[in-house]
Number of protein chains: 2
Amino acid sequence: MRIGEVAEKAGVSVRALRYYEEQELLQACRSSGGHRQYCETAVSRVRLIQQLYAAGLPSRVVRQVLPCVDAGEAHPALLGQLEAERVRIDERITELLAVRDRLDDVIALTRDPNADCSHLE
Amino acid sequence: MRIGEVAEKAGVSVRALRYYEEQELLQACRSSGGHRQYCETAVSRVRLIQQLYAAGLPSRVVRQVLPCVDAGEAHPALLGQLEAERVRIDERITELLAVRDRLDDVIALTRDPNADCSHLE
DNA sequence: TTAAAAGCTGACGTCAGCGTGAGTTGCAAG
DNA sequence: CTTGCAACTCACGCTGACGTCAGCTTTTAA
């Protein structure tokens with residue numbers, strides 16, 4: 001596949017794909033003319049990268065995590081970092097749930113002034 | 001309270017508090033010499049601001065949302081935006097849960113090669 | 001009273017994840 | 001062959017939430 005097709009299927013920009021390669025997150029071989037050639041798994045790989053970004057991981061961490069997801073295992077040193085990231089993600093989830101509840105209260109109160117407001121303050 | 005005390009209690013930098021004031025997220029009256037004076041509620045307000053930032057809201061949205069949380073209600077126009085933000089937060093939570101499960105699988109496999117790997121690929 | 005600590009106001013620096021030209025080349029269709 | 005889109009490589013720009021340094025003033029502890 002060529003870069004434009006991967007970009008469209010994965011829902012990201014061409015620029016983003018070049019950036020991922022620069023960050024060593026996504027490999028591509030080259031045609032004789034220097035054009036990038038992606039294999040079929042590239043699309044799901046890009047989706048995974050996006051997911052990890054969405055989880056707040058910076059690219060240097062993504063770069064370390066990706067091979068582990070591929071291999072299904074991690075070096076002991078990395079394992080600690082993975083667990084730390086897991087904790088951070090868990091904290092993010094907890095925060096997001098709290099904020100969501102708070103937003104829900106505001107929305108509910110706006111619609112019905114007698115609604116329960118257990119999460120406010 | 002003075003700015004240093006608020007910063008310490010809320011666990012943010014002094015610079016951040018000045019930035020919040022600049023963004024009109026946090027008010028402070030001034031002493032005769034020009035030093036900021038915060039009321040007691042400032043600390044929890046800062047925590048709320050941090051929470052909203054953590055939810056991915058940019059400061060212009062936080063600026064709109066804060067009075068609604070205070071009042072427990074929102075203007076109709078804003079209500080739509082709040083609901084949109086709620087949806088976005090919900091999506092983030094779903095993504096984070098997926099990534100967490102994936103990380104869990106890698107961690108589990110690393111510790112025990114026979115573990116279940118239902119979330120990988 | 002005086003020195004240290006804490007605050008003040010600019011204003012520039014940073015970092016990540018791309019966006020956005022500019023100028024050049026590859027490649028498939030007519 | 002040539003046309004025209006798609007890709008290529010620099011390389012600078014942008015945005016947001018602060019960090020940080022400079023130079024000066026206020027407050028507080030000794």
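Naming: A, B, ... by sequence-line order, numbering from 1 per chain.
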Visitor: Roughly, in whole Å, what's the span from CD in A:Glu22 to C1' in D:dA11?
Guide: 11 Å
Visitor: Could you work out, with salt bridge (Lys or Arg N to Asp or Glu O under 4.0 Å) as the rule, every residue matching A:Arg111, not counting sequence neighbours?
Guide: B:Glu83
Visitor: Is there side-chain contact between A:Leu66 and A:Arg45, with at least one heavy-atom pair below 4.5 Å?
Guide: yes
Visitor: In whole angstrom, what separates B:Arg36's CZ from C:dC8's C1'?
Guide: 7 Å
Visitor: Can you measure B:Ile49 atom CD1 to D:dG16 atom P for me and round it to whole angstrom units?
Guide: 17 Å
Visitor: Is there a side-chain contact between B:Val46 and B:Lys9 (heavy atoms, below 4.5 Å)?
Guide: no
Visitor: To the nearest angstrom, how far is A:Leu25 atom CG from C:dG17 atom P?
Guide: 9 Å
Visitor: List in chain and number order the residues that pass side chain to side chain contact (heavy atoms under 4.5 Å, CB included) with B:Gln23, two or more places apart in sequence or in another chain; answer none if no residue qualifies.
Guide: B:Tyr19, B:Leu25, B:Ser59, B:Arg63
Visitor: Does a side-chain heavy-atom distance below 4.5 Å link B:Gln51 with B:Leu48?
Guide: yes
Visitor: Output the distance between atom SG (B:Cys68) and atom CG (A:Asp105), rounded to the nearest 0.5 Å.
Guide: 13.0 Å
Visitor: I'd like a table of atom pairs between the protein and nucleotides 2-5 of chain C - only N or O on both sides, under 3.5 Å - with the distance next to each one.
Guide:
none

Visitor: Residues in ring pair (Phe, Tyr, Trp, His ring centres under 6.0 Å) with A:Tyr20, at least two apart?
Guide: A:Tyr53
Visitor: Classify A:Arg18 by what it touches in the nucleic acid, base, sugar-phosphate, or nothing, heavy-atom distance under 4.0 Å.
Guide: base
Visitor: Measure from CD1 on A:Ile3 to P on C:dG26 and round the result to the nearest Å.
Guide: 17 Å
Visitor: Starting at atom CD of A:Gln37, determine the distance to atom P of C:dG26, rounded to an integer number of angstrom.
Guide: 15 Å
Visitor: Summarise how protein sits on nucleotides 17-30 of chain D as a single string, 5' to 3': B when a protein heavy atom is under 4.0 Å from the base, S for sugar-phosphate-only contact, - for no contact.
Guide: BBBB-----SSS--
Visitor: What pairs meet the salt bridge (charged side-chain N to carboxylate O under 4.0 Å, His left out) rule with one or both residues in residues 27-36 of chain B, with sequence neighbours excluded?
Guide: B:Glu21-B:Arg30, B:Glu21-B:Arg36
